[in-house]
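In what follows, a single structure is set out as structure tokens and then discussed.
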Amino acid sequence: MSRATLEKDPRDVASMFDAVARRYDLTNTVMSLGQDRFWRRATRAALRIGPQDKVLDLAAGTAVSTVELATSGAWCVAADFSVGMLAAGASRDVPKVAGDATRLPFGDGVFDAVTISFGLRNVVDHVAGLREMARVTRPGGRLVVCEFSTPTNRLFATVYKEYLMQALPRIARAVSSNPDAYVYLAESIRAWPDQTQLAHQIADAGWSSVRWRNLSGGIVALHAATKPQR
Ligand SMILES: C[S@@+](CC[C@H](N)C(=O)[O-])C[C@H]1O[C@@H](n2cnc3c(N)ncnc32)[C@H](O)[C@@H]1O
């Protein structure tokens, strides 16, 4: 079985997701107690996309997030560097591209909107990833980052930390095709910047009007931003 460490070597991360791919969608729904669908819908709404838009869903994995975005009528492409994850979503009828978040295979300013769900935390240099997302977005275009974050209620945060470190790896042993990956998941969530810190990093990467909204009490945060006009 394979898992990445907090150094997030891209080869380890990609092969960890290859090994998770077969049962990723099911595990995701079980682990999130069914909240994953709500988080995907909220991401689409925050991106404010419509039939006129070209949208990049970065770190799209099995393209489950891309299919939700495409319900808006926008043209949406899924990009990911785990070929195993893309292959697991082969039956999903959206375009798919293999590519690394820090060196995207797209020209400057080609997208109206770019989004990344539960992917940014895994990118070895996530600020470089945010800069690369700005490069491929047109001036005035939009960004939404959907990522695990810090629960706002202190008591709830304590219960959640216990869930992450104790229950989640056990559930993964019953459901996942690569349970070790869920130890990495718990560790990487704990080490991830909170809402305010991530907002500063998004601004440092060249985005403007950065704001966020908490979902599920701050278990997840949606950060939105705009690519500045030239
Ligand atoms: C937890 S999955 C999220 C999949 C999907 N967005 C969702 O919401 O279910 C994280 C994905 O990020 C991808 N990923 C991590 N680092 C990446 C990178 N540097 N470039 C491209 N994809 C990356 C992984 O391969 C994996 O498929």
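When a ligand or atom number is given, it counts from 1 through the structure's own listing order.
Between Phe106 and Phe111, the two ring planes are perpendicular [angle over 60°; tilted spans 30° to 60°].
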If you look at each N/O of ligand 1, which protein N/O atoms lie under 3.5 Å away, and at what distance?
residue: ligand 1; atom: 6 (N); partner: Ala59; partner atom: O; Å: 2.9
residue: ligand 1; atom: 6 (N); partner: Ser65; partner atom: OG; Å: 3.2
residue: ligand 1; atom: 6 (N); partner: Ser117; partner atom: O; Å: 3.0
residue: ligand 1; atom: 9 (O); partner: Tyr24; partner atom: OH; Å: 2.7
residue: ligand 1; atom: 19 (N); partner: Asp100; partner atom: OD1; Å: 3.2
residue: ligand 1; atom: 20 (N); partner: Ala101; partner atom: N; Å: 2.8
residue: ligand 1; atom: 22 (N); partner: Phe81; partner atom: N; Å: 3.3
residue: ligand 1; atom: 25 (O); partner: Asp80; partner atom: OD1; Å: 2.6
residue: ligand 1; atom: 27 (O); partner: Asp80; partner atom: OD1; Å: 3.3
residue: ligand 1; atom: 27 (O); partner: Asp80; partner atom: OD2; Å: 2.7

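Side chain of Arg142 to main chain of Leu47: a donor-acceptor pair is present (N/O by atom type, distance under 3.5 Å, no hydrogens or angles). Side chain of Asp80 to main chain of Gly61: a donor-acceptor pair is present (N/O by atom type, distance under 3.5 Å, no hydrogens or angles). Here the side chain of Asp112 pairs no donor or acceptor atom with the backbone of Gly141 at under 3.5 angstrom.
Atom CG of Leu215 sits about 11.0 Å away from atom CZ of Phe148, to the nearest 0.5 Å.
In this structure, His223 has its ring center no closer than 6.0 Å to that of Trp207.
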